[in-house]
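The structure under discussion appears below in the form of structure tokens.
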Amino acid sequence: MQVPASFEYERAESVPHALELLERYGEDARLVAGGHSLIPMMKLRLAQPDALIDINGLAELSHLGVDGDTLVIGALVRHAALLADEVVGTYFPIFHEAERVIADPVVRNRGTVGGSLCQADPSEDLSAAFAAVRAEAVILGPGGSRTVPIREFHVGPYETVVEPGEILTELRVPIRPGAGSAYEKVERRVGDWPVAAAGAYLRLDGGVIAEAGIGLTAVGAEHFTAPDAEAYLIGKAAEEAVLREAARIAAESCEPQADQRGPVDYKRHLAGELTYRALSRAAERSGS
Amino acid sequence: MRVSVTVNGQNYVREIEPRLLLVHFLRDELGLTGTHWGCDTSNCGVCVVQLDGVPVKSCTVLAVMADGHEVTTVEGLEKDGELDPVQQGFVQCHGLQCGFCTPGMLMTARWLLDRNPDPDEGEIREAISGQLCRCTGYENIVRSIRWAAEKEASV
């Protein structure tokens with residue numbers, strides 16, 4: 001039987017209360033929401049917090065909607081809610097395509113967007129999707145809130161800029177008229193972590209690419225992105241040869257590791273092919 | 001710590017350790033062994049119960065998280081001595097052999113039909129995609145859930 005080691009349990013009644021509890025318990029406290037990363041790690045003693053602060057009841061972190069020209073996703077939004085939301089699907093098909101291949105429907109009922117990002121697993125899907133669309137993360141601490149570009153949010157495997165005593169409260173994604181996006185993943189079996197996956201975001205203006213975002217996961221891409229490939233795309237027509245070349249640059253920029261999911265050359269091949277496919281669909285979906 | 005959990009409509013108050021998982025709370029504290037305990041890693045889905053009406057893998061939920069909430073287990077499907085249509089479907093269509101995955105399958109099937117009374121085969125397979133069955137090849141489970149959908153449509 002796998003059971004976590006003993007810990008203190010506190011249920012946060014509000015966001016300020018959660019901050020107060022984080023301060024009281026110090027560095028060895030962890031926030032828990034869906035728990036689908038943290039609880040398995042606690043069972044294996046890969047994580048052994050002294051205290052868990054349960055934020056599942058904080059409705060103020062579950063908001064999901066459009067605020068002006070920004071899509072706002074509360075950190076406590078469940079994967080299932082993001083997948084079910086029609087507005088999200090209209091503006092950002094990349095999120096629906098990523099969510100459909102994250103774990104399974106029952107796990108998605110419980111796991112949260114914020115939890116996935118804060119876990120900072122180097123193979124996590126939403127990290128690539130949010131990187132592609134250049135989201136911003138809003139982090140609240142005792143001194144107030146700060147906003148961090150998602151491309152600066154992850155500082156390494158399982159490490160983010162969220163300090164002890166702070167809470168990721170929401171993700172903000174700029175909505176640009178006419179932009180298109182898509183997500184492509186290869187997994188060994190349904191619901192598994194990716195062998196490789198790529199997200200793409202393109203905005204065309206006057207027939208050329210005005211804005212390009214590429215997100216990559218599970219292939220050792222720094223900050224889940226491929227900035228050289230993005231820069232190559234700007235100002236060019238979204239035609240096959242251009243997208244192929246961008247995908248090649250993206251694949252070259254990765255540093256995949258060989259593991260049970262495949263060797264380096266296979267993963268690099270996937271990074272390129274999936275980037276191309278995601279870019280192609282993002283281009284089809286972008287207006288003008 | 002003291003928790004108060006409503007399980008299948010009945011309130012239970014227990015003194016438990018925070019590290020107790022919901023699956024063990026149901027089985028060991030309440031004696032509701034219909035919920036099975038399997039892989040312990042939220043992969044296999046035999047431990048699925050409904051928490052406030054939503055299926056969750058109870059090996060990855062702390063019992064303290066259910067404090068003040070409602071849990072429904074397979075024991076709660078039967079109404080007034082009559083099996084739920086999804087249970088009847090598994091009987092009629094031979095939806096199980098060893099039965100280990102069945103309670104979790106039933107809880108997810110019930111949730112699916114509550115949201116989508118007429119699911120096609122693809123939708124059924126998607127709904128149960130986080131749950132493993134090593135006996136049936138899923139074919140008869142899909143038929144069982146379709147049987148329940150048709151039964152409910154005919155009433």
Side-chain angles (χ1 to χ4, degrees), chain A residues 1-13 29-57 78-81 83-84 99-112 115 187-193, chain B residues 1-3 16-25 27-28 37-69 104-105 107-109 111-112 115-116 119 122-132 138:
Chain A
M1 186 188 293
Q2 294 180 8
V3 174
S6 295
F7 54 85
E8 299 283 322
Y9 173 86
E10 296 275 3
R11 190 177 281 192
E13 304 297 340
R30 291 289 296 271
L31 297 173
V32 66
H36 275 54
S37 299
L38 183 56
I39 292 173
M41 286 180 72
M42 289 171 68
K43 289 179 179 184
L44 297 170
R45 305 299 188 273
L46 295 171
Q48 208 163 326
D50 290 342
L52 281 191
I53 298 162
D54 184 349
I55 58 169
N56 277 294
R78 312 279 170 186
H79 292 293
L83 179 53
E99 282 293 358
R100 254 181 232 120
V101 289
I102 291 175
D104 62 65
V106 179
V107 168
R108 292 198 295 263
N109 282 338
R110 193 74 184 153
T112 64
E187 52 191 352
R188 294 178 303 175
R189 59 179 108 77
V190 170
D192 196 8
W193 296 92
Chain B
M1 62 181 286
R2 181 176 294 264
V3 294
I16 58 168
E17 273 194 275
R19 62 176 175 159
L20 183 68
L21 299 165
L22 181 57
V23 62
H24 301 308
F25 176 75
R27 291 176 56 86
D28 302 340
W37 164 53
C39 71
D40 240 341
T41 58
S42 72
N43 276 286
C44 79
V46 304
C47 66
V48 170
V49 301
Q50 292 184 3
L51 180 60
D52 295 331
V54 175
V56 297
K57 294 184 175 178
S58 63
C59 74
T60 311
V61 175
L62 300 169
V64 285
M65 288 173 163
D67 181 30
H69 293 268
M105 290 288 183
M107 299 316 292
T108 301
W111 175 70
L112 171 67
R115 289 157 45 108
N116 177 2
E123 289 166 331
I124 293 171
R125 286 183 182 272
E126 161 71 10
I128 60 169
S129 62
Q131 293 167 253
L132 300 179
Y138 304 98

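Just so we're clear, the structure is a prediction, and the values are computed from it rather than from any experiment. Quick note on labels: first sequence line is chain A, next is B, and so on, each numbered from 1. Only heavy atoms go into these numbers, but all of them, side chains included; no hydrogens, no water, no symmetry mates.
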Contact leader toward chain B among A:Arg100, A:Glu8, A:Arg108, A:Lys43, where contacts are heavy-atom pairs under 4.5 Å: A:Lys43
Partner residues of B:Arg115 under the salt bridge (charged side-chain N to carboxylate O under 4.0 Å, His left out) criterion, sequence neighbours left out: none
Structural part of B:Met1 lying under 4.5 Å from a heavy atom of chain A: side chain
Contact origin within B:Glu126 toward chain A - heavy atom pairs under 4.5 Å: both
B:Trp111 vs B:Asn116, side-chain contact (heavy atoms from CB on, under 4.5 Å): CA-CA, chis, key distance, verdict: CA-CA 8 Å; B:Trp111 175 70; B:Asn116 177 2; over 6 Å; no
Residue selection (most heavy-atom pairs with chain A, distance under 4.5 Å) from B:Arg19, B:Met65, B:Glu17: B:Arg19
Chain A contact via B:Val48 - which portion, at a heavy-atom distance below 4.5 Å: side chain
Heavy-atom proximity to chain A below 4.5 Å, by part of B:Thr108: side chain
Worked verdict on B:Met105 versus B:Tyr138 for side-chain contact (heavy atoms from CB on, under 4.5 Å): CA-CA 10 Å; B:Met105 290 288 183; B:Tyr138 304 98; 4.0 Å; yes
B:Arg2 atom CZ, neighbour heavy-atom count above 12 within 6.0 Å: no
Heavy-atom donor-acceptor pair, A:Asn109 side chain to B:Pro55 backbone, under 3.5 Å: yes
Among the listed options B:Leu51, B:Val56, B:Val64, B:Asp67, the residue most often paired with chain A at heavy-atom distances under 4.5 Å: B:Val64
Chain B contact via A:Met1 - which portion, at a heavy-atom distance below 4.5 Å: both
All N/O donor-acceptor pairs, side-chain side in residues 29-38 of chain A, below 3.5 Å, sequence neighbours left out:
| residue | atom | partner | partner atom | Å |
| --- | --- | --- | --- | --- |
| A:His36 | ND1 | A:Gly34 | O | 3.0 |

Top contributor to chain B interface from A:Ala103, A:Ala5, A:Gly191 [non-hydrogen pairs under 4.5 Å]: A:Ala5
Euclidean distance, A:Gln2 CD relative to B:Thr41 OG1, rounded to 0.5 Å: 7.0 Å
Verdict with reasoning, B:Phe25 to B:Val3, per side-chain contact (heavy atoms from CB on, under 4.5 Å): CA-CA 11 Å; B:Phe25 176 75; B:Val3 294; 4.2 Å; yes
Leading residue by heavy atom contact count with chain B [cutoff under 4.5 Å; candidates A:Asp104, A:Ile39, A:Val107, A:Val190]: A:Asp104
Residue B:Ile128 versus chain A: region with a heavy atom under 4.5 Å: neither
